[in-house]
Amino acid sequence: MSDVSGIGRDNDAEASEGAARYDFRAIEAKWQQKWDEANLFTVDLKDSRPKFYGLDMFPYPSGAGISVGHCRNYVPLDVACRYKSMQGYNVLHPMGWDAFGQPAENEAIKRGRNPKEMVPEYAANYKRQLKLVGISYDWSREINSSLPEYYRWTQWIFLQLHKSGLAYRANTPINWCPSCKTGLANEEVVNGRCWRCATVVEKRPMPQWFFKITAYADRLLSDLETIEWPDSIKMLQANWIGKSEGAEVDFAIDGHDQKLTVFTTRPDTLWGATFMVVAPEHAVVQEITTADRLAEVNEYRDKAQRTSEIERQSADRSKTGVFMGAYAINPVNGAKIPIYAADYVLMGYGTGAIMAVPAHDQRDFEFARKYDIPVVLVYQTSADQSADTMTESAAAGGNAVIGPFAGEPNSKDTVKKVVAWLEEQGTGRGVTNFRLRDWLISRQRYWGAPIPIIHCPEHGAVPVPEQDLPVVLPDVERYQPTGTGESPLAGIPEFVNTVCPVCGGPGRRETDTMGGFACSSWYFLRYADPHNSTEAFSRDIVDRWLPVDLYVGGAEHAVMHLLYARFWTKVLYDAGFISFQEPFKRLRNQGMLLALTPGRKVVAEETADGEESDSDEPIEDWKVLKPEEKLTVPKEEWVYRYTKMSKSLYNVVTPDEMAEQFGADSLRLCGLSSAPFEETVQWSDNGMEGAHRFLSRVWRIWADLLPFYNAGWKEEPAPVGAPDQERALRRKLHQTIQKVADDLENFRFNTCVSALREFTNELSAFRNTLGTSEPSVSQKRLISEVLEILPLLMAPITPHLSDEMWERLGKEGFTYLATFPTADPAAAAEESLTIIVQVNGKVREKFTVPVGTDQAEIEKQALACEKIVRELESGKQVRTVITVPNKIVNLVIS
RNA sequence: GCCCGGGUGGUGGAAUGGCAGACACAAGGGUCUUAAAAACCCUGGCUCACAAGGCGUGCGGGUUCGAGUCCCGCCCCGGGCACCA
């Protein structure tokens, strides 16, 4: 055996002495094999116990395999699932592969390999690693979203959406990433850059498929109240949906028949509208701009479209715009107001046109001052407030000073009254608007589920009949995007050319594929019935297992994935395929894992991370050392920083090396104990050593006491009048059971591990007092109870170690199927209380009393304390005595 | 700018308005050993020679018998969103 580590060497040395050493390698290999052979984690659907469905977010199996960072979510959910099993639940804990999409495709292009072959290899490696860590997956339910038996049903769901009128094709300017050579959803554009490669995104017109998620905006918002998710995530979703209530108001255009409709949340300020603004791309621009202004306006529009998203969206950029030569008539007062085109109004929100009220909107105010447009106050907060002298738009408050609502306060109530009035007048109506936009599903990429549509010159876009599914993704020579904007599928005539399902005439298959979010929007349903070849899932089975009881994954999926999955669930519910409306009942997000990363100072004139930094981003002063640079840059110049653990930052620690060196149970324990589950943590090897040391210690103490184990301890009568020391240890044991159970239930793994450590410390002290003599009868009974309960308490966290202990106790089977211990409240109850004596809120003395001592006696003792007596001798008097029963006596003295 | 989180010893972190610093990591001291490792025991916020006392949970106020915890006003860090009418 190679000299792997200090730990390994020690174990070998101990082995030669034949001592009871913690041979984690043998233990872990043995139990992983036994679990496999017993199909321990395979769900039996006929099982009548209550169900528990624990799910990890669908991972893409990357070539690099998993790092210890990935264990931040897999291990805690595994602990929760194992705990649920021990509580008597029938646990469904599946795993599978989000194999379609750009990561796999980019990897295939880079390596020149067929993703169809590559994905299973990578998945096999993931599976091997997850087994190595001892995760309790039911591998018989493994799914792979890139296999036809899966994506056939992704296509089927597309057809259901299409049938419900929720899938449509629109020729819209899309976000185009020139580097990925693909279209991007709005959600995939981060600060005007591609979320994957950070290239500046351009606009490009393209026929695209969309899902009408906006039709579900209201339900997606209101149903957030029905699920147990972190408030922060709910808030993110609510903000993303961006509901705002207001009114649409129709403005006549002077000299034209048509109307210009605006959306406003403040119809009550209509009397202060002094101009209008439309988005430069708005169709009305071409129709109403006067001939003498058209050239200028079009030039402005072209410039706006060329301007990069980042620039156009940058916050405090000064307002620009051009007058269109046209005027609108304000419906509330007949005023003739000019119409401008300006890029601060967005085509994609509301109606793409606004009424501008400079007195009460900061953006309109800036624009008005710049172009010398009058400002009219609707609400006045003080008599000396004047539209002419204002330097910014008016603050909230005040009362209306013009119009039929003069005298009304600046309030939501007034807004409501005005909306009702507008409806009466027939010039406007109450309207709710959402920031949410429809979901762009089309990708002009190869590696995705083909969109099941056939284009017929006669019948347009015709859905592929359900019985013809799947539309199989054909093999292709080159995976590269064509760069023309079409998917590589467009170059395969055998795929493209087909017949129209309606008329049998020649048709062309849709060559766009679906984005990866489609696959991950329903996979949680498929796990309930993964091998169904006649339908996506059986309604009975899905209704029995869903919704997911506990969903665990990264907060980076707060908006897109979780919103899309909720949307599809609601669509399937409406179509009558399932009987629940929310897919994930309870959600938890794990924190990030950072690793100390060697880097170096950036040399002058060198831009950070190889990016062209023509933006206004701050220049980084630090660069990650590449492996080859570690040889050339002297160590004294290395600068360490914590960064996310990631292959691209060369700071990855794998579970393989940790399991080899310290063991899987130590790895599991280490990740759970260092910090709360949701927190970002910094990886350190010390933590692994500490975890391993603790498990070795538990093993040693436990094995030391094993010879005194009596399997029939429960039949023996509980000792009466056992010594204090024994009662104390038993009390700690039962308090620990309570604490561990409570912490596991609430995802507080760090304090759970602390409780186990505390108990172990007390057990160790107890063992040390035994010396070499034979324990007493009552001691043996206590020891037996401890020996049996400890492995069960630890089993969710350290299942291999626990199963080994369980077997050595002579127990049959696995801790996974054993019952989690229940605390005996009588044994856990404290016998004495510590009373704190305070003077004016400051701790002065402490004393102990037996439980049940009455308050008068406690107060008497408090006043008799040495320090208190001394304090009172100096002539001070007790004014008040505040007593917290069984806890505190606070003397207020002056 | 707006919206969420956070600021507690050398470090990670504990603490239903009631003993701040549980539990660990790192450190120091000791026992055992020819020696080392491992193991076991002890110490540990600051101030102070020690004790007593005083000061301590980002800063400033407040509520309370009592505030890390609640309220008001700031500062700093992390994350998200960003001209949304």
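Residue numbers start from 1 in every chain, and the chains themselves are labelled A, B, ... in the order their sequence lines are given, proteins ahead of strands.
- A:Arg21 forms no cation-pi arrangement with A:Trp699, by the criterion of a distance under 6.0 Å to the ring centre and an angle within 45° of the ring axis.
- Shown here for A:His692 and A:Phe662, the closest heavy-atom pair between the two residues is CD2-O, 3.0 Å.
- If you check every strand for non-hydrogen atoms under 4.0 Å, A:Arg844 touches sugar and phosphate atoms only.
- For A:Arg757, counting side-chain heavy atoms from C-beta on, the closest listed nucleotide (B:A85, B:A24, B:C65) is B:A24.
- Within 4.0 Å (heavy atoms only), A:Arg879 reaches no atom of the nucleic acid at all.
- Only the C1' atoms considered, B:A82 is 24 Å distant from B:C75, to the nearest whole Å.
- The residue A:Arg435 sits close to a base: some heavy atom pair falls under 4.0 Å.
- Per the geometry, CG belonging to A:Leu596 stands 13 Å off P belonging to B:G12, to the nearest Å.
- Taking atom CG of A:Asn686 as the reference point, atom P of B:A24 lies 15 Å away to the nearest angstrom.
- A:Val843 comes within 4.0 angstrom of the backbone, heavy atoms only, and of no base.
- Contact detail for A:Leu695 and A:Thr798: the closest heavy-atom pair is CD2-CG2, 3.8 Å.
- Set against B:C4, B:C65, B:A26, the side chain of A:Ser232 has B:C4 as its closest nucleotide.
- Between the P atom of B:U64 and the CD1 atom of A:Ile888 lies a distance of 19 Å, rounded to the nearest Å.
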Worksheet item: For RNA chain B, what string of dots and brackets results from 5' to 3' when Watson-Crick and G-U pairs need both distances under 3.5 Å, crossing pairs get [ ], and pairs with another strand get |?
Response: (((((((..(((.....[....))).(((((.......))))).(((.....)))..(((((..]....))))))))))))....
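- Judged by the 6.0 Å distance and 45° axis criteria, A:Arg363 is not positioned over the aromatic ring of A:Tyr344.
- Going from atom CG of A:Asp23 over to atom P of B:A38 covers 19 Å, rounded to whole Å.
- Among the nucleotides B:C81, B:C83, B:C65, the one closest to any side-chain atom of A:Trp240 is B:C81.
- Nucleic acid contact class of A:Glu678 (heavy atoms, under 4.0 Å, all strands): none.
- As rounded to whole Å, 14 Å separates atom C1' of B:C32 from atom CG of A:Asn768.
- Between A:Phe275 and A:Phe367, the ring centre distance stays below 6.0 Å.
- To the nearest angstrom, C1' of B:C81 lies 8 Å from CG of A:Leu236.
- For A:Asp742 and A:Arg748, the salt-bridge test passes: some basic side-chain N is under 4.0 Å from an acidic carboxylate O.
- Atom name C1', nucleotides B:C83 and B:G12: the rounded distance is 43 Å, in whole Å.
- Residue A:Ile797 comes nearest to A:Cys752 through the heavy atom pair CD1-SG, 4.0 Å, listed as atom of the first residue, atom of the second, then distance.
- For A:Gln838 against B:G18, a side-chain N or O and a base N or O form a donor-acceptor pair under 3.5 Å.
- Within the nucleic acid shown, A:Asn433 has no heavy atom closer than 4.0 Å to any nucleic acid atom.
- Using a 4.0 Å heavy-atom criterion, one finds that A:Thr880 contacts no nucleic acid atom at all.
- Rounded to a whole Å, the CH2 atom of A:Trp702 is 20 Å from the P atom of B:A39.
- Counting all heavy atoms, side chain and backbone alike, A:Ser666 lies closest to A:Ala691 at O-CB, 3.5 Å.
- Between A:Gln661 and A:Arg25, the closest heavy-atom pair is O-NH2, 4.4 Å.
- B:A15 and B:G6 have their P atoms separated by 13 Å, given to the nearest Å.
- Atom CG of A:Asp665 sits about 11.5 Å away from atom CZ of A:Phe694, to the nearest 0.5 Å.
- Position along RNA chain B of the nearest nucleotide to A:Gly242 versus A:Asn239 favours A:Asn239 as the more 5'-ward residue.
- Taking atom C1' in both B:G58 and B:G5, the straight-line distance is 16 Å, to the nearest Å.
- Between B:A22 and B:C42, the two P atoms lie 15 Å apart (nearest whole Å).
- Taking the side chain of A:Met235 as heavy atoms from C-beta on, and the options B:G13, B:C3, B:C83, the nearest nucleotide is B:C3.
- The shortest distance between the side-chain N/O atoms of A:Thr680 and the OP1/OP2 oxygens of B:G79 is not below 4.0 Å.
- A:Asn761 comes within contact range of the sugar-phosphate backbone alone, with a heavy-atom separation under 4.0 Å but no base atom that close.
- Across B:A85, B:G18, B:A39, the shortest atom-to-atom separation from the side chain of A:Arg700 is found for B:A39.
- A close approach under 4.0 Å does occur between a side-chain nitrogen or oxygen of A:Arg697 and OP1 or OP2 of B:C40.
- Here the side chain of A:Asn840 pairs a donor or acceptor atom with the backbone of A:Ile893 at under 3.5 angstrom.
- The listed nucleotides are B:G18, B:G13, B:C40; the one nearest the side chain of A:Pro676 is B:G13.
- For A:Ser674, taking side-chain heavy atoms from C-beta onward, the closest of the listed nucleotides B:G12, B:A85, B:C65 is B:G12.
- Only the P atoms considered, B:U43 is 30 Å distant from B:A67, to the nearest whole Å.
- Comparing A:Lys887 and A:Ser764 by the nucleotide of RNA chain B whose heavy atom lies nearest to each, the residue mapping closer to the 5' end is A:Lys887.
- B:A85 atom P lies 18 Å from atom CG of A:Leu260, rounded to whole Å.
- Glycosidic conformation at B:G9 (O4'-C1'-N9-C4 for purines, O4'-C1'-N1-C2 for pyrimidines): syn, within 90° of 0.
- Going from the C1' atom of B:G62 to that of B:C48 covers 33 Å, rounded to whole Å.
- Listed nucleotides: B:C25, B:G66, B:A85. Nearest to the side chain of A:Val345: B:A85.
- Comparing the P positions of B:U69 and B:U64 gives an interatomic distance of 16 Å, to the nearest angstrom.
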